[in-house]
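Single-structure report; data block below.
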Amino acid sequence: MPTEMAKAYDPKEAQTKWLAYWDELAVGHAEADPSKKPFSIVIPPPNVTGALHLGHALNNTLQDVLIRWRRMQGYNAEWIPGTDHAGIATQSVVEKRIFQEEKKTRHDLGREELVGRIWKWKEQYEKRILGQLRELGASADWQRTRFTLDPMCAKAVRETFFRMFRDGYIYRGKRLVNWDTQLQTSVSDDETTTEDTNGGFWTFKYPVKGMPDTFIRFSTTRPETMLGDTAVCVHPSDERYKALVGKMVTIPLVGREIPIIADALLADPTLGTGCVKVTPAHDPNDYACWTRNPQIGMINILNPDGTINSEGGKYAGLDRFKAREAVVAAMEELGFFEGKEDRKIPLKYSDRSKTIIEPLLSDQWFVKMTDRDDGKPGLAQMAMDAVTDGRVKFFPERYASSYLDWLGEKRDWCVSRQLWWGHRIPVWTAMIQVGGIVDDDYEAKLKKIQQSAIAELSDFLTATGISSSDYVIELDGEATLRCCTATEKAEKALQALQSYKESCLFEKVVPGKPIGQALREVPGFEMATSAAAKIWSFSDLKQDSDVLDTWFSSALWPHSTFGWPEPTPELKHFYPTSVLVTSRDIITLWVARMVMTGLYNMGDVPFRNVYVHTKILDGFGEGMSKSKGNGVDPLDIIELYGTDALRFGMVALATETQDSRMPVVNICPHCSAGVPVKQEHMYMRTKKLTCPSCKKPFRPGGPWLAEDPELPTAKQGSDRFEMGRNFANKLWNATRFILMNLEGYTPAAISPESLPIEDRWILSRLVTTANAITESLDGFRFSEVTKHLYDFSWSEFCDWYIEMAKGRMKDPAGRAGVQQVLAGVLDAIVRLAQPVMPFLAESLWQSLNEAAPVRGFPEPTKAGNTVTQTAWPTFPAMWQDTGMETRIARMQELVRIVRDVRNRYMVDGKTALNVSVKCGAEVAKDFEALKPFITLLAGVGEFKTSPDQVKPKQAASQVTADFECYVSLEGLIDPAAEVKRLEKQLADKVKSLEGTEKKLNNADFVKRAPESVITEQRELLADLTKQIASLKETIAELKS
RNA sequence: GGUCGCUUAGCUCAGUUGGUUAGAGUACUAGCAUGACACGCUAGGGGUCACAGGUUCGAAUCCUGUAGCGACCA
């Protein structure tokens, strides 16, 4: 006797049990096996900044659905899990925390200590995140878990950087960054806050050269930047200034002459004087203007600490705000000051130091996106081609356009970050330092020195045993040597050289000066005579202190995780991966870059398909985020509804639309009442709520860092998960019921033609459903998967088939057959449910294994020991039988009509109703055959059907296309109420009829519409006419 | 500012190449302890498909505009 199933599904029990079981079986692990068809996915690695929220639950559920499904289909399914180090985000979170707790900055700690602390943070969150994924049921290959900063990924990063450097795709250039003058680092946009601040709005004038008494006026909020002006700008259509464009003005403070230029994007003729000063090195808009007008040049006037540098002439050394006062005073004194007004100005502040951000031009590393000089496509074009020619497909298709639009700009990618947490750039820089007196002409001497320097560095590396193909030495400007290498050996050698002090002493060494400057400063340079044997040395050999953009390492993820650059069997077997599942906000940041590096390193795309899923918003239409505190922890949902319900909910909301709303309630920890989350609760502003139903206080759910010892914290829930929970319980109970009736079960082969109608019907529906689910998965239409599964299992199998089967269960003659079909259909449902609801499926599978170990269609077989590794269901197409489906549908219509009458007239469920049906002989014969079901399902007593039935007195009637149904109601009718209801129905029908008539009377319609549509309309017309006649007749009868 | 989307029942969402009387879940109403399930069963009410034009024999669906919302980019 099989173990009796509990009355309700207990998700917690199932989760604990099957997670351990699947671990034991290593369900997610796959080995490279050329004899199998691979199906592979790499996880979009969640960053280790914090725990996962519902968005991640969605993303990972969908990946798991695909992996579980393909595994069942017999593919060698490999899903690589892992996490991302998320450079700036993680470093900033950890730094903030250290500052809060210890009042120390990263400079107090030092690079090594800070990085050590971040690793500790990472260990903690990686564990938490991987734990959440496991709880979610992710059947990933845990043995291959990766981290973007682990040695395997690091190797791929160094190798890629080296190759790109060698091939000329990486260069050093300038870019405006948000500069924090206190911490002396650049910060990203999301680490700044913009606040309205009291400031000034000064107006000055510059004299136009060669035009006495002509001035050009402009206003600024930062007068000190005048020191770095390289142009003034007007709108090309501005009549006031048309004549002045091309003329020069003088900056009175420094005497520099700068041009008046026209730029429609920068100058707005309707604002102020219509003229603006242009300081490309210190303002983003001006910088953009410079990119359009590079001839104006740019001048950096700031030191990293916020003081004015030597470009500022006599203002050099002054703090930026002191310089502002000095500059204003000087302009006033010179007579070029026109006025000042006080204004509120939006200013960017650094999140961490709270100082005002300075836009600063600084040296950065870039990856070149543009096409190559030899005319071949560059990285961006290669990645675009992969999508336009279909090697990579987007689902939904429309997302391809945002990918293409963004790549089409081919903007170079700034890959350096002034951070300490990340992959350090594998480039060593040395200055060529010169000593001695130079006698030849400058150019020739310089070239010789440069060549000697390169040769010496090469010789050194060769002597250390490093192949010349493992490093690249590049000369930048006159005196900077760069050496890029990916091998650890070369790295070590350079590290050693870094501490190597040149022992030679030269005549008149000028320490610390780059060669160009040094040469110029050597007295008597022009007429120098001695040709010293060696007049230079290296200095300052050191590794670049910057780290790479996080996306640089994530971009390699689809091949680095399989071991690239080593030619591993995994790489060969699983690359390119099958599909990338991600959200739309990182199509540009990440997807595009993965395609680029995949093509560059592997010569092939990283994935065949990109599925871009819905974004989950809160009940107010706002995206969930950690800072808003409106994210929901999937573990809350798992706790309240179970993992299967969470996953079902996730899959159900994965439609083709962009967003999906998720109104959330706090579940009162005392009484479990749902208290809706309100907008004012956001940003964790509300620390305490009182339950309106039990009046006890609690803390609303949110990303709190610690438990509150005073108040219990609410879990957050949403009724959108109830559907999945209820469905799981429904399937559980259907199984329970079937198992209760499987005593004496004997397996046997099934052949539909010999089966009764209801069996043939459910098999036909099963085939249709299984095919539909397979097709939906194939096309990444996830929501349809749950819909088909739900509708078939609940509305057809449970509501109709099981009900119809109840009779045969008690009938010794029919029992064996119905048991086989019940077990077989249930077996298929469990398999179809496995990808979406694996815990439930495994539970049902195991129970079914006890009661009916040999089962399934068409030939029963011994079921495997886990549903996760069993075959995906497929059935003979000929089992689909539209004839059966029509017959059962007609019966369902009849049953519903009778039930409706019963409900409407409040007839007790136990009272049998007498029903007669007037219809064609064929239909009557069919109803006669189905009579046992009709009487059972609709609670019918006497049932008569034939073409010559007449409507009894005092009967409810309903006309359909195929039959007229009369339900005798002797004395139960309230004539007035019935007339009212029927009249409403009549009005609806008449409206429909009119519409249909109009269509059919329209000559164009009849002429142009397809034959099938016209036929349909004609049938509808006949149908409606019949129904209207019947309704009128009934109404008249009731009124009389 | 540019680009891509969204707006269908009180709520959350489906709705395929334009073609029957626009569907589901939930909420609501009524009835029901029916030998699987109240996380249930049986029914019912509820929609001018954001708005305004246009194309078409025919529009929730295609086009244009307006309003509101979202995301990305600048």
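Labels below follow one simple rule: chain letters A, B, ... track the order of the sequence lines, proteins then strands, and each chain is numbered from 1.
Spacing between B:C63 and B:G1 at atom C1', rounded to whole Å, works out to 25 Å. Of the C1' atoms belonging to B:G46 and B:C11, the separation is 13 Å, rounded to the nearest Å. For the P atoms, the distance linking B:C57 with B:A67 amounts to 32 Å, nearest Å. Here, B:U34 and B:U17 have their P atoms 48 Å apart, quoted to the whole Å. A distance of about 16 Å separates the C1' atoms of B:G45 and B:G23, rounded to the whole Å. When the P atom is used for both B:A60 and B:U48, the distance is 13 Å, rounded to whole Å. Nucleotides B:U55 and B:G65 have their C1' atoms positioned 15 Å apart, rounded to a whole Å. For the C1' atoms, the distance from B:C37 to B:U42 is 15 Å, rounded to whole Å.
To the nearest angstrom, P of B:A36 lies 8 Å from NZ of A:Lys810. Atom CD1 in A:Ile829 sits about 14 Å away from atom C1' in B:A36, given to the nearest Å. Atoms CG (A:Asp618) and P (B:C11) sit 16 Å apart, rounded to a whole Å. In this structure, OH of A:Tyr641 is placed 13 Å from P of B:C39, rounded to the nearest angstrom. Straight-line distance from the OH atom of A:Tyr399 to the C1' atom of B:A71: 9 Å, rounded to whole Å. Between the C1' atom of B:A38 and the CD atom of A:Glu722 lies a distance of 13 Å, rounded to the nearest Å. Summarising the geometry, the separation between CG on A:Asn903 and P on B:A43 is reported as 7 Å, rounded to the nearest angstrom. A straight line from CG of A:Asp799 to C1' of B:A36 spans 12 Å, rounded to a whole angstrom.
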With 3.5 Å as the limit, what N/O pairs link the protein to nucleotides 14-21 of chain B?
from, atom 1, to, atom 2, distance (Å)
B:A14, OP1, A:Thr655, OG1, 2.1
B:A14, OP1, A:Thr657, OG1, 2.5
B:U21, O4', A:Ser992, OG, 3.1

Quick one: which protein N/O atoms are closer than 3.5 Å to N/O atoms of nucleotides 72-74 of chain B? Pair and distance per line, please.
from, atom 1, to, atom 2, distance (Å)
B:A74, OP1, A:Arg411, NH1, 2.9

request  = Before giving the answer on side-chain contact (heavy atoms from CB on, under 4.5 Å), spell out for A:Ile802 and A:Leu822 the whole-Å C-alpha distance, their side-chain angles and the decisive distance to 0.1 Å.
outcome  = CA-CA 8 Å; A:Ile802 291 184; A:Leu822 281 167; 4.2 Å; yes
request  = Kindly indicate, with the supporting measurements, whether the criterion side-chain contact (heavy atoms from CB on, under 4.5 Å) is fulfilled by A:Leu640 and A:Phe721.
outcome  = CA-CA 9 Å; A:Leu640 291 164; A:Phe721 296 105; over 6 Å; no
request  = Please report the C-alpha distance between A:Val610 and A:Tyr399 in whole Å, then the side-chain angles of each, then the deciding distance to 0.1 Å, and finally whether the side-chain contact (heavy atoms from CB on, under 4.5 Å) criterion is met.
outcome  = CA-CA 9 Å; A:Val610 179; A:Tyr399 289 113; over 6 Å; no
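The pair A:Lys715-A:Glu639 does not meet the salt-bridge criterion, since no charged nitrogen lies less than 4.0 angstrom from a carboxylate oxygen. Salt-bridge annotation for A:Arg781 and A:Glu656: absent, with no side-chain N of the basic residue lying under 4.0 Å from a carboxylate O of the acidic one.
Among the nucleotides B:A36, B:U12, B:G25, the one closest to the side chain of A:Tyr790 is B:G25. Of all nucleotides listed (B:C41, B:U12, B:A36), B:A36 comes nearest to the side chain of A:Ala734. Taking the side chain of A:Lys806 as heavy atoms from C-beta on, and the options B:A30, B:A36, B:C11, the nearest nucleotide is B:A36. Closest to the side chain of A:Asp900, from the set B:C11, B:A43, B:A30, is B:A43.
Contact annotation for A:Tyr9: no contact, since no heavy-atom pair falls under 4.0 Å across all strands. Using a 4.0 Å heavy-atom distance criterion, A:Pro284 is classed as making no nucleic acid contact. In this structure, A:Arg902 reaches neither bases nor backbone, as no heavy-atom distance under 4.0 Å exists between it and the strands shown. As judged by a 4.0 angstrom heavy-atom cut-off over every strand, A:Glu803 is placed among the base-contacting residues. A:Ser718 comes within 4.0 angstrom of no nucleic acid atom, judged by non-hydrogen atoms across all strands.
The pairing partner recorded for B:C49 is none, the criterion being a Watson-Crick or G-U wobble arrangement whose two distances lie under 3.5 angstrom. Base pairing of B:G40: its partner is B:C32, meeting the Watson-Crick or G-U wobble criterion (both donor-acceptor distances under 3.5 Å). With a cut-off of 3.5 Å on both Watson-Crick or G-U wobble distances, the partner of B:C62 is given as B:G54. In a base pair of the Watson-Crick type (N1 to N3 plus N6-O4 or O6-N4) or a G-U wobble (N1-O2 and O6-N3), with each distance short of 3.5 Å, B:C73 is matched with B:G1. Nucleotide B:G10 has B:U26 as its partner under the Watson-Crick or G-U criteria, with both atom distances under 3.5 Å.
Heavy-atom contacts from other residues, nucleotides or ligands closer than 6.0 Å to CD of A:Glu397 number 12 or fewer. By the 6.0 Å contact criterion, NZ on A:Lys806 is enclosed, its count of non-hydrogen atoms from other residues, nucleotides or ligands being greater than 12.
In this structure, A:Asn741 and A:Ala728 both approach RNA chain B, and ranking their closest nucleotides by distance from the 5' end singles out A:Asn741. Where A:Arg398 and A:Arg896 meet RNA chain B, the nucleotide closest to each residue was compared, and A:Arg398 sits on the side nearer the 5' end.
Contact record, A:Ile667 with A:Gly717: CG1-N, 4.1 Å, taken as the closest heavy-atom pair. Of all non-hydrogen atoms in A:Ala654 and A:Thr614, the two that sit nearest each other are CA-OG1, 3.8 Å.
The side chain of A:Lys730 places an N or O atom within less than 4.0 Å of a non-bridging phosphate oxygen (OP1 or OP2) of B:C41. In terms of phosphate contacts, A:Lys7 brings a side-chain nitrogen or oxygen within less than 4.0 Å of OP1 or OP2 of B:C37. Side-chain N/O atoms of A:Asn726 include none lying less than 4.0 angstrom from OP1 or OP2 on B:C37. OP1 or OP2 of B:A43 has at least one side-chain nitrogen or oxygen of A:Arg899 nearer than 4.0 Å. Not one side-chain nitrogen or oxygen of A:Trp800 sits closer than 4.0 Å to the OP1 or OP2 atom of B:U42.
Ring orientation note: the planes of A:His613 and A:Tyr611 are tilted relative to one another, at an angle of 30° to 60°. In this pair, A:Phe727 and A:Tyr790 present their aromatic rings tilted. The plane angle is within the 30 to 60° band.
Remark: of the listed residues A:Leu731, A:Leu826, A:Val830, A:Thr769, A:Leu731 is the sole one forming a side-chain contact (heavy atoms from CB on, under 4.5 Å) with A:Ser793.
Side chain of A:Trp732 to backbone of A:Ala6: a donor-acceptor contact under 3.5 angstrom is found.
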